[in-house]
Amino acid sequence: MSAALPEGGSDGEALDALIAGLAVDVPDFPSPGVVFRDLTPVFADPVAFRRMVQGLASPALSDPRAAAVAGTRAEDPGYDLVAGVEARGFLLAAAVALEVGVGVVPIRKAGKLPRESVAADYDLEYGTGTLELHRDAIAPGQRILIVDDVLATGGTLGAAIALVEQLGGLVTAVSVVIELAALGGRERIAPHAVQALWTT
């Protein structure tokens with residue numbers, strides 16, 4: 001006998017309101033002046049998590065080259081792989097890939113990948129960093145959906161896009177849970193389409 005799922009967000013509630021109602025703001029993390037939006041309560045809520053994953057999996061596809069590539073499945077989601085950005089992006093990308101039946105690849109912080117990789121540096125609102133991707137993770141012409149939890153200044157996602165394109169991949173869209181609109185990240189990664197489930 002299977003256990004009943006715990007009560008979660010309503011299926012009828014707007015997705016942005018559902019996420020906003022469950023996320024927790026943490027001031028001065030990871031550094032003074034930064035407000036961190038903690039999504040772990042959304043991950044823990046079964047209804048909210050499923051709706052969030054379904055939302056991330058269905059972006060508007062922006063690259064006409066990618067749209068022109070016919071998928072081999074009857075229900076082609078418009079991308080061949082989901083790339084998740086470390087670390088919360090791993091959880092989201094894996095769930096999205098499972099939802100639509102494609103593979104997932106990790107975009108990791110520097111020094112975490114065991115084999116030959118490509119790298120891209122980036123700036124973000126509280127520091128700098130480097131992202132890496134295995135050189136053989138993406139084949140030229142593969143269509144890639146990039147998934148992360150937050151779009152802030154666009155530095156991290158800009159680096160992720162650069163890695164995919166360096167390997168010849170086509171970025172069909174970027175899907176995020178939260179967009180911090182005042183920080184201008186969408187403009188920084190234009191012309192790539194951005195789908196944000198909650199803009200604040």
Side-chain angles (χ1 to χ4, degrees), residues 15 19 39-40 42-43 46 48-109 112-115 117-120 122 129-152 154-179 185-186 189-198:
L15 184 54
I19 294 168
L39 291 173
T40 55
V42 187
F43 295 161
F49 184 65
R50 173 165 288 282
R51 290 191 57 202
M52 179 173 62
V53 167
Q54 290 169 339
L56 291 170
S58 303
L61 305 180
S62 64
D63 191 321
R65 296 171 303 166
V69 178
T72 57
R73 297 183 297 133
E75 294 184 11
D76 178 22
Y79 46 91
D80 306 305
L81 289 171
V82 182
V85 183
E86 189 165 351
R88 288 169 297 277
F90 292 169
L91 295 169
L92 297 167
V96 168
L98 187 61
E99 175 75 15
V100 300
V102 299
V104 60
V105 296
I107 296 176
R108 301 220 57 187
K109 294 178 182 176
K112 302 290 187 181
L113 293 175
R115 296 183 289 104
S117 60
V118 292
Y122 64 97
T130 301
L131 292 179
E132 295 180 341
L133 182 61
H134 274 139
R135 185 171 291 279
D136 62 357
I138 294 170
Q142 280 192 303
R143 303 166 302 162
I144 312 299
L145 173 66
I146 297 177
V147 172
D148 204 2
D149 61 336
V150 176
L151 170 60
T156 306
L157 284 165
I161 290 167
L163 289 173
V164 170
E165 293 181 340
Q166 187 176 343
L167 296 178
L170 304 176
V171 177
T172 60
V174 174
S175 274
V176 297
V177 180
I178 303 171
E179 178 183 2
R186 182 180 291 262
I189 64 174
H192 297 285
V194 175
Q195 172 181 247
L197 304 184
W198 172 33

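Computed over heavy atoms, backbone and side chain alike; hydrogens, waters and symmetry mates excluded.
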Please name the pair of heavy atoms, one in [X] and one in [Y], separated by the smallest distance, quoted to 0.1 Å.
X    : Y    : value
L197 : G55  : CD2-C, 3.9 Å
L15  : R51  : N-NH2, 3.5 Å
G84  : F90  : O-CE2, 3.4 Å
L163 : A119 : CD2-C, 3.5 Å
T172 : G78  : CG2-O, 3.2 Å
A137 : L81  : O-CD1, 3.7 Å

For the atom pair [atom1] ([X]) and [atom2] ([Y]), what is the distance rounded to the nearest 0.5 Å?
X    : Y    : atom1 : atom2 : answer
L92  : F49  : CG    : CZ    : 6.5 Å
I138 : L133 : CD1   : CG    : 5.0 Å
Q142 : L167 : CD    : CG    : 10.0 Å
L113 : R135 : CG    : CZ    : 12.0 Å
I144 : D80  : CD1   : CG    : 6.5 Å

So which of V171, V174, T156, I146 actually passes side chain to side chain contact (heavy atoms under 4.5 Å, CB included) with I189? V174

Within the distance-only criterion (no hydrogens, no angle test), does the side chain of [X] pair as donor or acceptor with the backbone N or O of [Y] below 3.5 angstrom?
X    : Y    : answer
T130 : A120 : no
E86  : K109 : yes
H134 : R115 : yes
Y79  : A57  : yes

4.5 Å side-chain heavy-atom contact, [X] and [Y]:
X    : Y    : answer
E99  : Q54  : yes
Y122 : L157 : no
L39  : I178 : yes

Report the residues that fulfil side-chain hydrogen bond (donor to acceptor under 3.5 Å, both in side chains) with Q195, sequence neighbours left out, ordered by chain and then residue number.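 With neighbours one apart ignored, the set is S175.
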
Non-neighbouring partners of D148 that pass side-chain hydrogen bond (donor to acceptor under 3.5 Å, both in side chains), sequence neighbours left out: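 D148 satisfies side-chain hydrogen bond (donor to acceptor under 3.5 Å, both in side chains) with no other residue.
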
